Protein chains: 2
Amino acid sequence: MTENFTSTRVTLASRPIGKPTEANFQIDRKPVREIADGEVLLQILFLSLDPYMRGRMDDAKSYAAPVGIGDVMEGGTVARVLESRNRSYAPGDIVLSHSGWQSHAVANGNDLRKLDPEKAPISTALGVLGMPGFTAYAGLRNIGKPQAGETVVVAAASGAVGSVVGQIARIHGARAVGIAGGKEKCAFVLDELGFDAVIDHTDANFAHALSASCPDGIDVYFENVGGPIWDAVFPLLNDFARVPVCGLIAHYNGEDAQQPDRLTNVMRTILRKSLTIRGFIQREFADQRPDFYRDASQWITAGKLKYREDIVDGLENAPSAFIGLLQGRNFGKLIIRVSS
Amino acid sequence: MTENFTSTRVTLASRPIGKPTEANFQIDRKPVREIADGEVLLQILFLSLDPYMRGRMDDAKSYAAPVGIGDVMEGGTVARVLESRNRSYAPGDIVLSHSGWQSHAVANGNDLRKLDPEKAPISTALGVLGMPGFTAYAGLRNIGKPQAGETVVVAAASGAVGSVVGQIARIHGARAVGIAGGKEKCAFVLDELGFDAVIDHTDANFAHALSASCPDGIDVYFENVGGPIWDAVFPLLNDFARVPVCGLIAHYNGEDAQQPDRLTNVMRTILRKSLTIRGFIQREFADQRPDFYRDASQWITAGKLKYREDIVDGLENAPSAFIGLLQGRNFGKLIIRVSS
């Protein structure tokens with residue numbers, strides 16, 4: 001322990017009402033405490049920004065506790081070990097941690113996973129080879145179960161989860177139809193990711209175009225957005241269709257339009273078509289992570305699984321980047337480069 | 001072929017708007033045609049009346065074709081073979097058929113199942129040992145999957161499906177909480193069927209009483225009614241709860257109250273609690289019927305599975321009995337004794 005480190009931190013200053021603003025965040029600096037036995041001192045290299053973080057900013061009941069006012073914002077991180085009092089880790093090791101929006105952190109060695117920089121770019125542990133990729137993998141494997149010839153639809157198709165959903169669907173022989181916002185993202189989904197079709201949800205005739213792109217209906221709708229896209233997808237679901245629900249980004253800011261009740265029609269249709277609607281969080285399937293790392297690594301090597309990262313430099317830019325993420329302004333997996 | 005038979009038939013005279021009335025039905029008599037090779041002539045003994053028949057009266061897209069105007073109302077039946085040109089059946093045999101609301105019918109032998117009157121009262125083939133019982137069995141086995149110590153809630157708990165749901169839940173070691181309408185039905189559910197608790201949905205403080213009867217929340221809600229009962233059950237669902245949906249009788253007459261949208265909250269909750277909502281029709285699991293006949297027969301013999309039949313005499317009373325069924329006026333599995 002020869003050095004004293006100071007962590008630059010992004011904390012939750014206040015709870016947002018509707019869309020978060022920069023005023024909901026505060027940046028401060030705080031000395032890092034000394035590490036105890038079993039712990040390591042980490043320098044954060046990359047911070048993942050993900051839609052679920054919006055839920056943590058609210059003081060509402062959820063599957064995870066909210067971030068407290070004044071606490072560091074939560075988040076997955078890739079870090080370098082600076083000091084270690086844990087036999088499994090040595091200075092210089094690169095690890096996956098959950099250190100949040102800050103530059104330095106103390107972590108228990110038991111909560112880390114060592115990364116091999118030779119195998120894949122270390123930032124991929126936050127995206128295609130991390131939580132978002134595993135969300136796609138686990139949701140399809142356990143709930144969506146796409147069969148050859150079936151039609152799989154996913155929104156935010158250029159994003160961290162959606163991009164993987166469509167490509168895995170195609171690996172299973174299914175037809176992948178993506179939904180994305182804007183020409184540039186749509187071109188990427190079709191030309192780079194190799195989806196069978198893509199629809200721009202900013203087009204006025206979006207619902208009609210979606211229907212035309214799914215002539216045999218929809219067998220799997222991987223739900224990560226909700227909102228008007230759900231309304232366009234739902235009537236197209238086939239008998240026995242499966243809907244894994246991993247996110248509802250359109251509703252995270254709580255600005256839902258007033259409208260007549262849709263639930264009765266949805267329940268009638270669930271009955272009439274023998275539909276499955278199933279919410280999930282990837283950690284429910286944690287025992288499948290080794291399978292995921294093996295399969296996804298092979299698919300990347302074979303060129304079957306492509307990914308795009310949207311890397312923003314500087315922790316101080318995390319709040320604005322996160323606000324943009326909730327509005328679809330990112331293009332690919334959004335990651336903050338905290339230091340290099 | 002020595003006799004000429006005439007069938008008394010209940011046909012669909014007109015499609016109901018909202019609740020069916022007797023004017024939607026017509027009774028006529030029609031000569032029965034001669035049977036061809038492979039066919040049998042049946043005298044109907046018992047006719048099953050079930051909520052799904054309301055759907056067949058509408059000209060709407062469903063999982064089965066609607067009954068045509070002037071056609072015999074559809075329905076499961078227990079019948080006696082009068083004449084046979086099928087080697088598998090002899091006059092006097094008792095069979096399960098799907099002959100509808102009429103006194104006599106011609107059937108293809110391939111569509112029948114022979115019943116053994118020594119094993120169980122033949123009317124049970126329409127209830128506890130028939131489609132309703134199998135709906136309960138298949139929905140729990142494949143979707144609800146009750147575990148020991150879990151809480152299973154079912155409405156219409158004195159009815160053909162609900163009564164079996166609760167008793168099978170208890171056989172699996174789960175806690176069965178029934179919902180029924182009126183003191184008499186509630187007493188039956190508790191004292192005769194042996195549910196752990198029962199709540200009267202006609203009580204003003206129904207939602208509160210339900211919550212108090214489910215101190216550990218609800219792990220399986222077997223949905224067969226919808227309406228206000230759903231609204232009371234839904235907030236009590238636990239993480240990872242399963243909701244098999246086999247019916248929505250509260251909505252069959254299409255008289256849904258205008259109210260603000262509930263779907264967004266339901267979808268958020270599906271996500272937050274990792275819920276499973278799954279519509280089904282029992283025939284999807286047809287290959288499990290032999291297991292069901294074996295298990296249910298054993299449970300009845302062992303006194304673990306009890307049932308109650310509400311038998312109404314006379315085919316001419318089928319319309320009024322069916323109208324009453326949709327309003328919960330029956331008490332037990334509703335069956336018409338067509339002849340004896």
Side-chain angles (χ1 to χ4, degrees), chain A residues 51-52 55 58 60-64 138-139 142-143 223-228 230-231 234-235 237 239-252 254-285, chain B residues 51-52 55 58 60-64 138-139 142-143 223-228 230-231 234-235 237 239-252 254-285:
Chain A
Y52 77 83
D58 287 334
K61 198 180 167 186
S62 179
Y63 48 78
N142 298 284
I143 305 165
E223 172 65 295
N224 54 6
V225 296
W230 163 276
D231 292 328
F234 192 71
L237 293 176
D239 289 0
F240 300 105
R242 290 82 66 196
V243 181
V245 181
C246 83
L248 293 166
I249 194 170
H251 305 289
Y252 287 174
E255 304 155 312
D256 303 319
Q258 293 295 313
Q259 57 183 319
D261 185 44
R262 294 170 296 166
L263 181 63
T264 299
N265 176 57
V266 164
M267 290 299 292
R268 282 178 197 270
T269 308
I270 287 173
L271 173 60
R272 178 162 61 83
K273 294 186 174 177
S274 295
L275 304 181
T276 300
I277 317 278
R278 168 72 152 86
F280 77 104
I281 323 272
Q282 43 80 30
R283 64 168 177 257
E284 173 188 347
F285 306 107
Chain B
Y52 77 84
D58 287 334
K61 198 178 167 187
S62 179
Y63 48 78
N142 297 285
I143 304 165
E223 172 64 296
N224 55 6
V225 296
W230 163 276
D231 292 327
F234 191 72
L237 293 176
D239 289 359
F240 299 105
R242 291 81 65 195
V243 181
V245 181
C246 83
L248 292 166
I249 194 169
H251 304 290
Y252 287 176
E255 304 155 312
D256 302 318
Q258 293 294 314
Q259 58 183 318
D261 185 45
R262 295 171 297 167
L263 181 63
T264 298
N265 177 56
V266 164
M267 290 299 291
R268 282 177 197 268
T269 308
I270 287 173
L271 173 60
R272 179 163 59 82
K273 294 186 175 177
S274 295
L275 304 180
T276 300
I277 318 277
R278 168 71 152 87
F280 76 104
I281 324 272
Q282 43 81 28
R283 63 167 179 259
E284 173 188 345
F285 305 107

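For clarity, every value in this text was computed on a predicted model and none was experimentally measured.
A pairwise comparison of heavy atoms in Arg268(A) and His251(B) identifies NH2-O, 2.9 Å as the closest pair. Considering every non-hydrogen atom in both Ser274(A) and Arg278(B), the closest pair reads O-NH1, 3.7 Å.
Looking at Thr276(A), Leu275(A), Ile270(A) one by one, the single match for side chain to side chain contact (heavy atoms under 4.5 Å, CB included) with Ile277(B) turns out to be Ile270(A).
For Asp261(B), the side-chain contact (heavy atoms from CB on, under 4.5 Å) criterion is met by Gln259(A), Asp261(A), Arg262(A), Leu263(B), Thr264(B), not counting sequence neighbours.
Chain B forms more heavy-atom pairs under 4.5 Å with one residue of Glu223(A), Gln258(A), Glu284(A) than with any other, namely Glu284(A).
Residue Val245(A) touches chain B through both its backbone and its side chain, counting heavy-atom pairs closer than 4.5 Å.
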